[in-house]
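Have a look at the structure below, then the notes.
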Amino acid sequence: MYILAIDQGTTSSRAIAFDQAGNIVHIAQKEFKQYFPQPGWVEHDANEIWTSVGSVIGELLSKLTAKKIAAIGITNQRETTLLWDKNTGEPIYHAIVWQSRQTVSICEEWKQKGYSDAVRQRTGLLIDAYFSASKIRWILTNVPGAKAKAENGELLFGTIDTWLVWKMTRGKAHVTDYTNASRTMLYNIHTLQWDKELLSLFGIPESILPEVRSCSEVYGYTTAAFGGEEVPIAGIAGDQQAALFGQACFEAGMAKNTYGTGCFMLMNTGAKAVSSQNGLLTTIAWGIGGKTEYALEGSIFVAGSAIQWLRDGLRILQKSSDSEKQAYSLASNDGVYVVPAFVGLGTPYWDSDTRGAIFGLTRGTQREHLVRATLEAIAYQTKDVLNAMQQDSGIELKNLRVDGGAVANNFLMQFQSDLLGVPVVRPVVNETTALGAAYLAGLATGYWKDRNEIAQRWQAQNTFTPQMPIAETTKLYKGWQKAVEAARLFK
Ligand SMILES: Nc1ncnc2c1ncn2[C@@H]1O[C@H](COP(=O)(O)OP(=O)(O)O)[C@@H](O)[C@H]1O
Ligand SMILES: O=P(O)(O)OC[C@H](O)CO
């Protein structure tokens, strides 16, 4: 028997079957369309997401058969917001993606009305277009008839986990989990309830919200998509929390960084919700068996997507992986810095208006410099986040567990370790997000016994240790800080 994880990410959907040892048995992946209706807006068609998920599940079932699947775990791009008609099941607007900036003015208004403290204290977040609340508000305001339908109880809201479970159970379950709820800006992470006061301030009716459940329990059973097999859907977590779980960061003080489209560093803070003074988010790591654990999170909006920009925008790379060789072809960045603030800056700046910039160009600058500087920017942004994290938690990081598409890049990993001054550890199974979701589903159904069993299975594939003299990394990092400061002046 296997556990099936569905990882519904920003650019692609994956289905992965894991065996008892936590190894990948089969994997299927499908990209889907990104919509950019206006500058700074990012949207998805939720039906296309569902089709892509159906297609990867179908591909896997053609190899495995549904009878061999013991349970399903779901993990998803977080915050991305969808409203659909309860009766017809049709979305009333595209899903507004986490990266999208179309609700910046709504957030500005909420800040001016003085809601920031309440939001921070109750949800652990800051008011930003990143989170679901302003996206819901935008749809209710801008889609004709949406407000009336919502008030009549005819609309349902969901992040993508909710949409997938609803589709897979044919509308029987309208649920989410603590981690996804904690990214809506509507959920009180201390009392574990939708916050009625925030809902009323934001004009969002509670009737559209899903029921919030733990991360590891049976929410419902599949129907048609599995050839009629009733397979339990038994784990849900937002992708960054799932990766923290898949990396077996079970002790307070353990942290992981995922290098995908963006970069997300989460540190487990145990039963304590640590509030940040340095632009980090306080969020739910997971809630299992009546116990809630928390995390501090630093969110970097542009990481791997800056490499995609080099490839598809500037067209100076053929493949993302070519970036490693090009970076290594230079002995240094020769003073060139790229600030990839394409959709503003997240932690610790939370600055929606700054845009990308390049500094330090000379007549001798070559494309390799841009490639190297872009990779370095991913590592510098991670250092910004870790500095904030160490200050807020008072914890000195012992090592950083890493995962995501861009960790294949050895230049990036080595530079990251040099810059942070701690070992950077890449695990054998890089699909930690899916693995985390599989573990949550497997724990709920007795496929795995407990977390100890999982922690023992975690294995390092490669450890990068600091090599560069501290004087050099200090100088490089100062250059980055100057570059960010200068980029922020240009608005
Ligand atoms: N060798 C590499 N070097 C640098 N970046 C890479 C490399 N391979 C993949 N990437 C980047 O990693 C990202 C894909 O990672 P993935 O974890 O699949 O992202 P997501 O889950 O956000 O869709 C892409 O943005 C891509 O540019
Ligand atoms: O789909 P990813 O891996 O880019 O992750 C997106 C994050 O969940 C956004 O908060």
Side-chain angles (χ1 to χ4, degrees), residues 6-14 16 27 29-32 34 42 44 49 52 74-81 95-100 125 128-132 135 159-161 179-180 182-185 237-244 246 256-266 281 283 295 297-314 317-328 340 342-343 346-347 371-372 374-379 402-416 426 430-437:
I6 296 167
D7 178 0
Q8 204 305 297
T10 311
T11 55
S12 72
S13 301
R14 272 175 264 211
I16 304 182
I27 180 164
Q29 178 166 9
K30 195 159 178 59
E31 291 197 2
F32 55 89
Q34 309 287 314
V42 190
H44 293 156
I49 288 185
S52 72
I74 292 179
T75 181
N76 55 294
Q77 53 167 325
R78 306 166 305 166
E79 299 96 11
T80 297
T81 295
I96 302 183
V97 176
W98 59 276
Q99 290 166 314
S100 196
L125 309 174
D128 194 86
Y130 176 25
F131 308 108
S132 310
K135 301 182 198 290
T159 39
I160 299 301
D161 54 311
T179 66
N180 277 293
S182 76
R183 314 296 296 188
T184 57
M185 222 174 90
D239 56 9
Q240 303 308 323
Q241 282 87 341
L244 190 70
K256 70 89 200 175
N257 198 21
T258 300
Y259 299 72
T261 305
C263 236
F264 299 88
M265 191 193 292
L266 271 73
L281 308 171
T283 202
E297 171 174 328
S299 318
I300 297 165
F301 296 147
V302 173
S305 59
I307 307 301
Q308 287 170 333
W309 165 71
L310 295 174
R311 189 192 61 191
D312 308 333
L314 298 190
L317 287 176
Q318 272 206 313
K319 303 192 284 305
S320 301
S321 54
D322 293 344
S323 58
E324 177 177 326
K325 203 163 141 223
Q326 292 206 20
Y328 272 130
F342 303 149
V343 291
T347 307
V371 172
R372 184 171 172 130
T374 303
L375 283 169
E376 287 185 355
I378 300 175
V402 296
D403 52 65
V407 303
N409 192 304
N410 291 319
F411 170 84
L412 174 61
M413 293 299 101
Q414 183 55 53
F415 186 67
Q416 187 71 85
R426 191 165 64 191
N430 187 31
E431 295 286 352
T432 49
T433 300
L435 184 57

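Counting starts at 1 for both ligands and their atoms, in listed order. Remember, predicted model here, so these are calculated numbers, not experimental data.
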Does ligand 1 come near enough to Gly304 that some N or O of the ligand is less than 3.5 Å from an N or O of the residue? yes
Distance to 0.1 Å, residue and atom name: give those for the protein heavy atom nearest to atom 1 (N) of ligand 1. Ser321 CA, 3.4 Å
List ligand 1 atoms under 4.0 Å from Ser323, heavy atoms only on the residue side. 3 (N), 4 (C)
Run the side chain to side chain contact (heavy atoms under 4.5 Å, CB included) check on Ile16 and Asp7 step by step: do they pass? CA-CA 8 Å; Ile16 304 182; Asp7 178 0; 5.7 Å; no
Write out the residue and atom name of the closest protein heavy atom to atom 18 (O) of ligand 1, then the distance separating them to 0.1 Å. Arg14 NH2, 3.1 Å
Would you mind reporting whether Asn410 and Tyr328 have side-chain heavy atoms less than 4.5 Å apart? yes
Before accepting this row, confirm whether a basic side-chain N of the pair Lys319/Asp322 lies closer than 4.0 Å to the acidic partner's carboxylate O. yes
From the list Thr75, Asn76, Ile74, side chain to side chain contact (heavy atoms under 4.5 Å, CB included) partner of Asn180 resolves to Asn76
For ligand 2, give me the residues whose heavy-atom distance to it is below 4.0 Å, by chain and number please. Gly9, Thr10, Gln77, Arg78, Glu79, Trp98, Tyr130, Asp239, Gln240, Thr261, Phe264
Taking the side chain as every heavy atom from C-beta outward, state whether Gln34 and His44 have any pair of such atoms under 4.5 Å apart. yes
Nearest-neighbour protein heavy atom for atom 12 (O) of ligand 1, which is reported as residue plus atom name and distance: Ala406 N, 3.5 Å
Taking Ser182 for the side chain and Thr283 for the main chain, is one N or O donor matched with an acceptor at less than 3.5 Å? no
Measure the distance from atom 23 (O) of ligand 1 to every protein heavy atom, then report the residue, atom name and distance (to 0.1 Å) of the closest one. Thr11 OG1, 2.8 Å
Should Gln240 and Lys256 be marked as a side chain to side chain contact (heavy atoms under 4.5 Å, CB included) after you check the CA-CA gap, both sets of side-chain angles, and the distance that decides it? CA-CA 9 Å; Gln240 303 308 323; Lys256 70 89 200 175; 2.7 Å; yes
Answer yes or no for Gln308: is there a heavy-atom contact with ligand 1 below 4.0 Å? yes
Could you check whether any side-chain heavy atom of Glu297 comes within less than 4.5 Å of a side-chain heavy atom of Thr347, counting everything from C-beta outward? no
Heteroatom proximity flag, Thr261 to ligand 1, N/O under 3.5 Å: yes
Between Trp98 and Phe301, what is the ring plane arrangement, given parallel below 30°, perpendicular above 60°, and tilted in between? tilted
Any nitrogen or oxygen of Ser12 lying under 3.5 Å from a nitrogen or oxygen in ligand 1? Just yes or no. no
d(Ile307 CD1, Glu324 CD) to nearest 0.5 Å is 11.5 Å
Closest to atom 13 (C) of ligand 1 among Gly262, Gly260, Ala327, Ala243 (heavy-atom distance): Gly260
Check whether any side-chain N or O of Ser100 sits under 3.5 Å from a backbone N or O of Val42 as a donor-acceptor pair, and report yes or no. yes
Among Ala408, Ala303, Gly405, closest by heavy atom to atom 8 (N) of ligand 1 is Gly405
Evaluate the side-chain proximity of Arg183 to Gln241: yes if any heavy-atom separation is below 4.5 Å, no if none is. yes
Within the structure, is a non-hydrogen atom of Gln8 found at a distance of less than 4.0 Å from ligand 1? no
Considering only heavy atoms of Gly404, which atoms of ligand 1 have at least one such atom less than 4.0 Å away? 17 (O)
Taking only heavy atoms of Asn409 into account, list the atoms of ligand 1 that are under 4.0 Å away from them. 3 (N), 4 (C)
For ligand 1, which is the ligand I care about here, please tell me if Thr10 has any N or O atom under 3.5 Å from one of the ligand's N or O atoms. no
Out of curiosity, Thr159 OG1 to Gln77 CD, how far, rounded to the nearest 0.5 Å? 9.5 Å
